[in-house]
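Just below is one structure, and these are the notes that go with it.
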Amino acid sequence: MLRLKQLLVAGTLLLAFACQKPVDYSQAITDGQYLSEAQNRITEVIIHDIFSPPVAARIYSYSSLAAYEVAAATDPAYSSLLGQLNGSEPVNFTVPENVYPPLASLAAYYKMGTALIFSEDMVTAQRDKVFEELKEKGIPEDVFEASIAFGEQVADAVKAYSSKDNYHQSRSFPKYTVTGQPGTWEPTPPAYMEGIEPHWNKIRTFVIDSAAQFKVSPPPPYSTDPNSDFYKEAKAVYEAVINADKEELDIAMFWDCNPYKMNVKGHVMFAEKKITPGGHWMSIAAIASKAANADWKKTAEAFAMTGISLHDAFVACWDEKYRSKLVRPETYINQNIDEEWVPVLQTPPFPEHTSGHSVASTAAAFTLTQIYGDNFHFVDSSEVNYGLPIREYNSFLEASSEAAISRFYGGIHYMPAIDEGVWQGRQVGELIWSRISPETKNLAENK
């Protein structure tokens, strides 16, 4: 009798399960929110591990490229960038039938991002939490496992591509040696840090032909003569800081983005955690994607193209920085105009010309304009987590122009570095969009 009851119960359970409808998990991931959260965690780790602005841009670019390549492999509306980017070969991925593409894209981002940072546990902890949350949305186990495996396969291909960009070799290159020649860069207060990434021009670019493809006009000839152009440029920075109004100071602080800022209290010096310039623009890419109601594929495109633009912009900028090796305004003004003068912003530890903010911001803004259009109003909340208020812009180029001039208001760049930096960034951005396309040709031509 007991045996019969057990069989009846088992049969009832089997019938109940058989009658259950499969869970529809197609809406588990629709927009770019999960990718944005993954990027936010990478940003937190970049700050924690104190990666330099050029290295941070490299991290963002390859992580986002991995996520994007899943979109390209699973949707014919998107074209793979592998095979278009310098030094890359086309990869024909075989996509299993039971792959859930947005989950695979997320897995690719997490794996690639984790491979490029130090504090891996900070990323994997969030990844595991997100994956558990997605399982609860009804993604079947076989689909889940197949999606993770495919995403990591794509990430492995991108990782193999990244391993040949000369980054690891550059870790053993010699440090920058201060020459002491008049007009050349020297470490600045308060930490007097050595020049960072003096060999970044040897990193492989994604699209531009070489680090030196877009050489800018050199700064005015160095001179301490009060009648010289150089002295006048320095005097303009000096007076800009002295006469700065509240709006100019707010702009300077909003775009500071200096991961090396050191605070000194008595005999104690401690770092202040700040987002990098690239991190700020990747945040803007996320904000714009959300404002545009972009799906996860369009978000992945925005992240990848913005990351690539930032990366090549920093390579071009750093090539010029360590070619001209120009003295910073703080050093020149203290030596020749006013030894008590201090800039609004803390001077970053690398040469002056050109302005990294100007180059990178212009390139990123140009890219985002291609993706989401001009006259795109957005609320920039990128710095809220770092104690600063929001700012609003009516276009990406309006924001990049403000980022560029912020360095003059902050007292850390002469105007030629800003003007030439904007030009350089525009050239980088335009070339990228003339050379590569994230859309398949037939669809792009029918836009």
Side-chain angles (χ1 to χ4, degrees), residues 53 176 178-189 192 195 198 212 214-245 247-258 277 313-314 316-362 400-427:
Y176 176 74
V178 177
T179 66
Q181 294 296 314
T184 58
W185 180 82
E186 57 186 78
T188 51
Y192 295 94
F214 297 116
K215 286 187 178 180
V216 300
S217 298
Y222 177 78
S223 174
T224 58
D225 182 347
N227 294 316
S228 67
D229 289 340
F230 196 94
Y231 187 96
K232 291 174 183 177
E233 293 291 353
K235 190 68 178 295
V237 177
Y238 172 76
E239 292 176 347
V241 169
I242 291 177
N243 299 320
D245 59 28
E247 174 68 0
E248 292 169 344
L249 293 174
D250 286 347
I251 290 171
M253 296 305 297
F254 185 77
W255 292 100
D256 185 13
C257 305
N258 181 3
F314 275 113
C317 178
W318 251 244
D319 177 65
E320 176 57 39
K321 280 185 179 294
Y322 285 96
R323 178 175 27 254
S324 54
K325 303 173 186 175
L326 187 62
V327 63
R328 284 279 187 168
E330 182 171 15
T331 303
Y332 182 90
I333 292 170
N334 287 163
Q335 293 176 350
N336 300 286
I337 299 175
D338 183 351
E339 63 180 12
E340 301 296 327
W341 182 90
V342 292
V344 172
L345 303 180
Q346 196 169 105
T347 303
F350 35 81
E352 201 274 344
H353 194 79
T354 53
S355 156
H357 265 55
S358 303
V359 184
S361 296
T362 306
S400 67
S401 294
E402 187 178 279
I405 196 62
S406 73
R407 318 312 273 168
F408 180 72
Y409 296 154
I412 60 175
H413 275 298
Y414 312 109
M415 277 304 300
I418 294 167
D419 293 337
E420 293 299 317
V422 169
W423 176 86
Q424 193 175 42
R426 179 80 182 205
Q427 300 307 305

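Positions are given from 1, in the same order as the sequence printed here. Heavy atoms only: backbone and side chains are in, while hydrogens, waters and symmetry mates are out.
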Open item on the list: Are Val422 and Ser358 packed together at the side-chain level, in the sense that at least one heavy-atom pair is separated by less than 4.5 angstrom?
Closed with: yes

Open item on the list: Does any part of the side chain of Phe314, heavy atoms only, come nearer than 4.5 Å to the side chain of Pro277, both counted from C-beta?
Closed with: yes

TODO: Compute whether any side-chain donor of one residue and acceptor of the other, for Glu330 and Thr188, lie under 3.5 angstrom apart.
DONE: no

Side-chain donor-acceptor contacts of residues 409-421 below 3.5 Å, not counting sequence neighbours, with atom names and distances?
from	atom 1	to	atom 2	distance (Å)
His413	ND1	Glu352	O	3.0
His413	ND1	Glu352	OE2	2.9
His413	NE2	Arg328	NH1	3.4
Tyr414	OH	Val327	O	3.2
Tyr414	OH	Arg328	O	3.4
Glu420	OE1	Ser217	N	3.0

TODO: Would you check if Leu326 and Phe230 make a side-chain contact, meaning some heavy-atom pair closer than 4.5 Å?
DONE: yes

Open item on the list: Using only atom types and a distance under 3.5 Å, with no angle test, would you say the side chain of Ser324 pairs donor to acceptor with the backbone of His353?
Closed with: yes

TODO: Check whether the side chains of Glu186 and Thr331 place a donor and an acceptor atom closer than 3.5 Å, and report yes or no.
DONE: no

Open item on the list: Which label fits Tyr332 and Tyr231: parallel for a plane angle under 30°, tilted from 30 to 60°, or perpendicular past 60°?
Closed with: perpendicular

TODO: Kindly say whether Trp255 contributes a backbone atom to a donor-acceptor pair with the side chain of His357 at under 3.5 angstrom?
DONE: yes

Task: Val216 and its side chain to side chain contact (heavy atoms under 4.5 Å, CB included) partner, picked from Arg323, Glu320, Gln427 - done: Glu320

Task: Sub-4.5 Å side-chain heavy-atom contact between Pro187 and Trp185 - done: yes

Open item on the list: Ring-plane angle category for Trp318 and Phe350, please: parallel below 30°, perpendicular beyond 60°, tilted otherwise.
Closed with: tilted

